S.K.: 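I have a structure I would like to understand better, so I am pasting it below and will then ask my questions one at a time.
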Amino acid sequence: IIAFDDKGVTSPKLLPELHRALNDKSLQVKLTALNALGLVAHANLPKAEEALILTKLNSHLANETDKVALIWTHVTIMSATKDVNKKHVGPIVTALRDPDPKVRNQSLTALGSIGPKAKPFALAGVQEAIDDPDGSIGVSAIVTLMRLHATESIPALQRIADNKKANQVLRETAEEAVDQLKLLLSKTKEK
């Protein structure tokens, strides 16, 4: 907010600072810079500044080593370009198989933040993640299915909700997802 003047123009100091922050050692600083770049990209910037942001983000993809920062760089590029596509969703889905549960969880969070437009590229991977050995990942996968509007997942989610041997939190989350997705399905049919 403070980077814009009363005419909605960004400070000339803003983009260089955000680009510098992408290379910070702190993941939180990188994520904050990515979030800010995503917001700034939607601020009716001059075409040259938009192009500069995309060039920097694409360059960042090639050089970033932190898997979580890579996930969110893909999300930021799609947000900035308003184009959800396999090129950027694919690596996020691939991260669902990462050995680190933190990376898998961030991948699910990212896919959920993209929403229904990611479904054609992400549905199978998110459905597989329900069975992740880490129960919290399974819960996150169910929440992501809701955010993807994955109504085709209702039968699988109902089986989890009905399985008395399944983890209680997983069952309850699946039950909530079934309710939400059925409601979404009924609204879709009404149209």
Side-chain angles (χ1 to χ4, degrees), residues 10 14-15 18-19 21-23 27 29-132 137-138 140-154 156-157 177 180-181 184-185 187-188 191:
T10 60
L14 176 64
L15 290 180
L18 292 176
H19 294 163
L22 285 177
N23 298 317
L27 176 60
V29 171
K30 290 178 187 184
L31 294 178
T32 301
L34 286 166
N35 186 40
L37 283 166
L39 292 171
V40 169
H42 292 283
N44 296 325
L45 295 174
K47 294 292 182 201
E49 286 188 23
E50 283 181 18
L52 180 62
I53 288 173
L54 290 175
T55 298
K56 182 62 180 174
L57 289 170
N58 282 303
S59 169
H60 186 67
L61 274 179
N63 299 316
E64 181 58 66
T65 57
D66 186 284
K67 293 174 184 178
V68 171
L70 279 170
I71 288 167
W72 290 101
T73 302
H74 284 290
V75 172
T76 303
I77 290 170
M78 289 185 287
S79 174
T81 60
K82 297 179 179 82
D83 179 26
V84 175
N85 57 61
K86 187 175 182 176
K87 175 183 175 185
H88 292 293
V89 175
I92 300 170
V93 172
T94 299
L96 290 171
R97 293 183 195 92
D98 194 89
D100 184 346
K102 177 180 78 173
V103 173
R104 296 194 306 272
N105 195 35
Q106 285 294 308
S107 178
L108 289 164
T109 302
L111 292 168
S113 76
I114 297 166
K117 290 182 179 180
K119 185 169 80 168
F121 315 110
L123 181 60
V126 175
Q127 287 174 326
E128 287 175 23
I130 292 171
D131 298 322
D132 194 281
I137 301 296
S140 292
I142 293 170
V143 170
T144 301
L145 288 171
M146 284 191 289
R147 292 185 177 150
L148 294 177
H149 296 178
T151 55
E152 54 274 90
S153 298
I154 292 172
L157 294 169
Q180 292 294 322
L181 291 171
L184 177 66
L185 196 57
K187 287 180 180 179
T188 305
K191 292 181 182 179

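Values in this document were obtained by computation on a predicted structure and should not be read as measured data. Sequence positions, counted from 1, serve as the residue numbers for this chain.
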S.K.: For Ser140 and Leu108, work out which heavy atoms get closest and say how close.
M.R.: CB-CD1, 3.7 Å
S.K.: Excluding sequence neighbours, so at least two apart, what forms side chain to side chain contact (heavy atoms under 4.5 Å, CB included) with Leu70?
M.R.: Leu61, Glu64
S.K.: To the nearest 0.5 Å, what is the distance between CG on Asp131 and CD1 on Ile137?
M.R.: 13.0 Å
S.K.: Restricting to pairs with a member in residues 55-90, which pass ring pair (Phe, Tyr, Trp, His ring centres under 6.0 Å), not counting sequence neighbours?
M.R.: His74-His88
S.K.: If you define the side chain from C-beta out and look only at heavy atoms, does anything of Ser113 sit under 4.5 Å from Thr109?
M.R.: no
S.K.: Any salt bridge (Lys or Arg N to Asp or Glu O under 4.0 Å) involving residues 108-129? Give me the pairs, sequence neighbours left out, ordered by first then second residue.
M.R.: Arg97-Glu128, Lys119-Glu152
S.K.: When rounded to the nearest 0.5 angstrom, what is the spacing between CG in Leu111 and CG in Leu96?
M.R.: 6.0 Å
S.K.: Measuring from atom CG of Leu123 to atom CG of Leu145, what distance do you get when rounded to the nearest 0.5 angstrom?
M.R.: 6.5 Å
S.K.: A quick test of your reading: do over 12 heavy atoms of other residues, nucleotides or ligands sit less than 6.0 Å from NZ of Lys47?
M.R.: no
S.K.: Do you know which two heavy atoms are closest between Leu181 and Ala150, and how far apart they sit?
M.R.: CD1-O, 3.5 Å
S.K.: If you take all heavy atoms of Leu148 and Gly115, which pair is closest and at what distance?
M.R.: CD2-O, 3.1 Å
S.K.: Kindly list each side-chain donor-acceptor pair under 3.5 angstrom involving residues 51-58, sequence neighbours excluded, with atom names and distances?
M.R.:
| unit_1 | atom_1 | unit_2 | atom_2 | d |
| --- | --- | --- | --- | --- |
| Thr55 | OG1 | Ala51 | O | 2.8 |
| Asn58 | ND2 | Leu54 | O | 2.9 |

S.K.: Nearest 0.5 Å please: distance from the OG atom of Ser153 over to the CD1 atom of Ile142.
M.R.: 10.0 Å
S.K.: Calculate, to the nearest 0.5 Å, the distance between atoms CG and OG1 belonging to Leu34 and Thr76 respectively.
M.R.: 4.5 Å
S.K.: Which pairs count as ring pair (Phe, Tyr, Trp, His ring centres under 6.0 Å) when at least one residue sits in residues 90-117, sequence neighbours excluded?
M.R.: none
S.K.: Listed by chain and number, what are the side chain to side chain contact (heavy atoms under 4.5 Å, CB included) partners of Arg147, not counting sequence neighbours?
M.R.: Val143
S.K.: Provide the closest heavy-atom pair for Ala33 versus Ala21 in the form atom of the first, atom of the second, distance.
M.R.: CB-CB, 3.6 Å
S.K.: Look only at the side chain of Thr144 and the backbone of Gly112, and say whether a donor-acceptor pair between them is shorter than 3.5 Å.
M.R.: no
S.K.: Heavy-atom distance under 4.5 Å between the side chains of Lys67 and Asp100, does that happen here?
M.R.: no
S.K.: Kindly give the heavy-atom pair with the smallest separation between Leu22 and Lys30, and that separation in Å.
M.R.: O-CG, 3.4 Å
S.K.: Taking the side chain as everything from C-beta on, heavy atoms only, tell me whether Lys87 gets closer than 4.5 Å to Ile77.
M.R.: no
S.K.: Looking only at heavy atoms, what is the nearest atom pair of Pro99 and Arg104, with distance?
M.R.: O-NH1, 3.0 Å
S.K.: Flag the pair Leu37 / Leu15 as yes when at least one side-chain heavy-atom distance between them is below 4.5 Å, and no otherwise.
M.R.: yes
